[in-house]
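Quick notes on the structure that follows.
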Amino acid sequence: MDARRVDLTEESADLLRKLVAVHGQVMFHQSGGCCDGSAPMCYPVGEFKTGQTDVHLGDLVVDGIDDVPVWMSGPQFEYWKHTHLTIDVVPGRGSGFSLEAPEGVRFLIRSRLLSDEESAALN
């Protein structure tokens with residue numbers, strides 16, 4: 001089974017292609033903090049430094065651009081390790097730190113529980 005912890009919607013893929021054209025290669029980090037910190041934050045690669053406790057959830061494969069790594073803080077991962085995450089995009093302003101903020105949209109996470117088969121394949 002090809003189990004994944006993270007995927008994205010086609011709308012998110014379209015926005016990522018647009019952001020990469022302007023900012024170069026990008027990455028996501030989900031901190032689990034309050035307010036906008038609970039949303040997936042999109043940064044140019046190298047602008048956000050991951051730490052030793054951060055967990056690499058996987059890489060998003062988007063046609064036309066380099067794979068997009070997705071990271072989550074270790075403490076947040078402990079709460080979310082049983083879920084599959086989908087990065088989506090919706091109208092509205094998110095954090096001023098995330099690259100999509102000037103576009104009038106924001107990334108968000110949609111989640112579902114991993115199936116027993118997915119959990120077994122990922123552990």
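Residue numbers count from 1 along this sequence.
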(request) Answer with yes or no whether the hydrophobic clustering places Phe28 together with Trp80; edges join I, L, V, M, F, W, Y residues whose side-chain heavy atoms lie under 4.5 Å apart. (result) yes
(message) Centroid separation under 6.0 Å, is that true for the rings of His29 and Trp71?
(response) no
(request) Verify, without hydrogens or angle tests, whether Arg4 (side chain) and Asp59 (backbone) share a donor-acceptor contact under 3.5 angstrom. (result) yes
(request) Apply side-chain hydrogen bond (donor to acceptor under 3.5 Å, both in side chains) to the pair Asp88 and Thr9, showing each step before the final yes or no. (result) CA-CA 5 Å; Asp88 199 358; Thr9 62; 3.0 Å; yes
(request) Provide the closest heavy-atom pair for Leu57 versus Arg5 in the form atom of the first, atom of the second, distance. (result) O-CB, 3.7 Å
(request) Decide whether Ser73 and Asp54 meet the rule of one side-chain donor and one side-chain acceptor closer than 3.5 Å. (result) no
(request) Give a yes or no on whether Met41 and Val45 share a hydrophobic cluster (residues Ile, Leu, Val, Met, Phe, Trp, Tyr; joining criterion: side-chain heavy atoms under 4.5 Å apart). (result) yes
(request) Using modelled atom types only, decide if a donor and an acceptor are shared between the side chain of Ser12 and the backbone of Leu8 within a distance under 3.5 Å. (result) no
(request) Look up atom OG in Ser31 and atom CD in Gln76, then write down how far apart they are to the nearest 0.5 Å. (result) 7.5 Å
(request) Output the distance between atom CG (Leu113) and atom NE2 (His82), rounded to the nearest 0.5 Å. (result) 5.0 Å
(request) Answer yes or no: are there more than 12 heavy-atom neighbours, outside Arg110 itself, under 6.0 Å from its atom CZ? (result) no
(message) Testing the basics here: between Phe107 and Ala39, what is the closest heavy-atom pair and its distance to 0.1 Å?
(response) O-CB, 4.1 Å
(request) Output the distance between atom CG (Asn123) and atom CG (Leu114), rounded to the nearest 0.5 Å. (result) 8.5 Å
(request) Write down the atom of Glu100, the atom of Val105, and the distance for their closest heavy-atom approach. (result) CG-O, 3.3 Å
(request) Taking all heavy atoms of Gln30 and all of Pro40, pick out the closest pair and write down the distance. (result) OE1-N, 3.3 Å
(message) Please report the interatomic distance CD1(Ile109) to CG(Leu85), rounded to the nearest 0.5 Å.
(response) 5.0 Å
(message) Quick check on the hydrophobic clustering: are Leu60 and Leu122 connected, directly or via other members, by side-chain heavy-atom contacts under 4.5 Å?
(response) no
(message) For the OH atom of Tyr43 and the OG atom of Ser98, what is their distance to the nearest 0.5 Å?
(response) 6.5 Å
